[in-house]
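For the numbers below, each heavy atom of this structure counts, side chains included, while hydrogens, waters and symmetry mates do not.
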Amino acid sequence: MKAILIIIPLISLIFAVINGNVGEMSSAILDRSGEAVTLAISLCGIMCFWCGLMRVAEAAGLVEKAARLLSPLISLLFGGLKKGGKAAQLIAMNLAANMLGLGNATTPLGINAMHAIADETGADGIADDNMIMFAVLNTASLQIIPTTAAALRSANGAENPMEILPCVWIVSVYAAAIAVTAAKIMGRISRRRGSG
């Protein structure tokens, strides 16, 4: 990854020199850097709001209720985890945050959930099926409200930032279904090879 992050700017610089566009490249870098900072600041407000809302939900006991509501799904996908245990609660919180489209705000929840899964299943430095399933679900990011995407669209001048809802629902359900199916199939194949 480091090599890619070095190679791309180098190639851009070489082509800018060849085409005589070094000045335009410099001004583009400066302009876009400023826009990136402005965009990051505009996203901070909505991210803080949703993160705070998740904290309030946790303090009000809504997280435990969400864990109970999602318990059948979590039991189905994560074999061997305690019903209503810490790992199940953190997985439920992470899934809820993903469904709200919180993007990077789900990262701390995900890290804590991964540690809780490892503690509960006794995984010692090696990802087990539950950890892999959680990583797959977290990456697929099933979304009901694409908060981050809507905030990005709004910051870039979209008149109706939530008009992407139907597409987001279809794509996220499709991606989650494919990801979960692939994780289950690969887990079975891996167990067969390990026992054979």
Side-chain angles (χ1 to χ4, degrees), residues 1-58 90-91 93-115 117-118 125 127 131-180 182-183 186:
M1 189 65 172
K2 290 178 186 175
I4 291 172
L5 293 175
I6 292 169
I7 290 170
I8 290 175
L10 276 176
I11 291 173
S12 299
L13 181 62
I14 290 167
F15 277 97
V17 169
I18 291 170
N19 293 321
N21 296 331
V22 176
E24 292 171 12
M25 182 180 161
S26 297
S27 64
I29 289 171
L30 293 173
D31 292 344
R32 297 298 177 224
S33 298
E35 287 177 22
V37 171
T38 304
L39 181 60
I41 290 170
S42 69
L43 286 174
C44 278
I46 198 158
M47 296 300 277
C48 289
F49 170 75
W50 286 109
C51 287
L53 195 63
M54 289 302 288
R55 289 284 186 194
V56 170
E58 187 178 3
L90 288 167
I91 290 169
M93 282 178 64
N94 184 270
L95 290 176
N98 271 327
M99 287 178 186
L100 292 172
L102 299 184
N104 292 336
T106 63
T107 302
L109 294 171
I111 292 169
N112 291 337
M114 202 59 93
H115 285 299
I117 293 169
M131 295 169 88
I132 292 168
M133 178 60 73
F134 179 68
V136 163
L137 262 180
N138 199 28
T139 305
S141 184
L142 184 61
Q143 291 189 9
I144 296 172
I145 304 169
T147 308
T148 304
L152 284 169
R153 287 174 48 83
S154 179
N156 284 295
E159 288 181 25
N160 186 2
M162 285 294 194
E163 70 186 352
I164 59 172
L165 277 180
C167 294
V168 168
W169 292 338
I170 292 166
V171 170
S172 64
V173 167
Y174 176 75
I178 295 296
V180 167
M186 297 307 283

Supply the atom-to-atom distance [X] [atom1] to [Y] [atom2], rounded to the nearest 0.5 angstrom.
{"X": "Ile14", "Y": "Asn19", "atom1": "CD1", "atom2": "CG", "result": "12.0 Å"}
{"X": "Leu13", "Y": "Ile18", "atom1": "CG", "atom2": "CD1", "result": "10.0 Å"}
{"X": "Leu30", "Y": "Met25", "atom1": "CG", "atom2": "CE", "result": "10.5 Å"}
{"X": "Trp169", "Y": "Ile164", "atom1": "CH2", "atom2": "CD1", "result": "11.0 Å"}
{"X": "Ile117", "Y": "Ile91", "atom1": "CD1", "atom2": "CD1", "result": "3.5 Å"}
{"X": "Met186", "Y": "Met133", "atom1": "CE", "atom2": "CE", "result": "12.5 Å"}

- Message: Quick check against the 3.5 Å criterion: does Asn138 have a side-chain atom that pairs as donor or acceptor with the backbone of Phe134?
- Response: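 No, the answer is negative, given that no donor and acceptor are paired below the 3.5 Å cut-off.
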- Who are the side chain to side chain contact (heavy atoms under 4.5 Å, CB included) partners of Ile178, not counting sequence neighbours?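 If we apply the side chain to side chain contact (heavy atoms under 4.5 Å, CB included) test to Ile178, skipping adjacent residues, the hits are Tyr174.
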- Kindly write out the residues that satisfy side chain to side chain contact (heavy atoms under 4.5 Å, CB included) with Asn112, not counting sequence neighbours, or none if the list is empty.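 Partners of Asn112 by the side chain to side chain contact (heavy atoms under 4.5 Å, CB included) criterion, ordered by chain and then number, come out as Leu90.
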- Item | Summary of side chain to side chain donor-acceptor pair (under 3.5 Å) pairs that have at least one residue in residues 22-33, sequence neighbours excluded |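 Passing the test, one end in residues 22-33: Arg32-Glu35.
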Looking only at non-hydrogen atoms, find the nearest pair between [X] and [Y] and report the distance.
{"X": "Pro161", "Y": "Arg153", "answer": "O-NE, 3.1 Å"}
{"X": "Met131", "Y": "Ala118", "answer": "CE-CB, 4.0 Å"}
{"X": "Ala179", "Y": "Val136", "answer": "CB-CG1, 3.2 Å"}

- Other residues, nucleotides, ligands: >12 heavy atoms within 6.0 Å of Met162 CE: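 Atom CE in Met162 is packed in, count exceeds 12.
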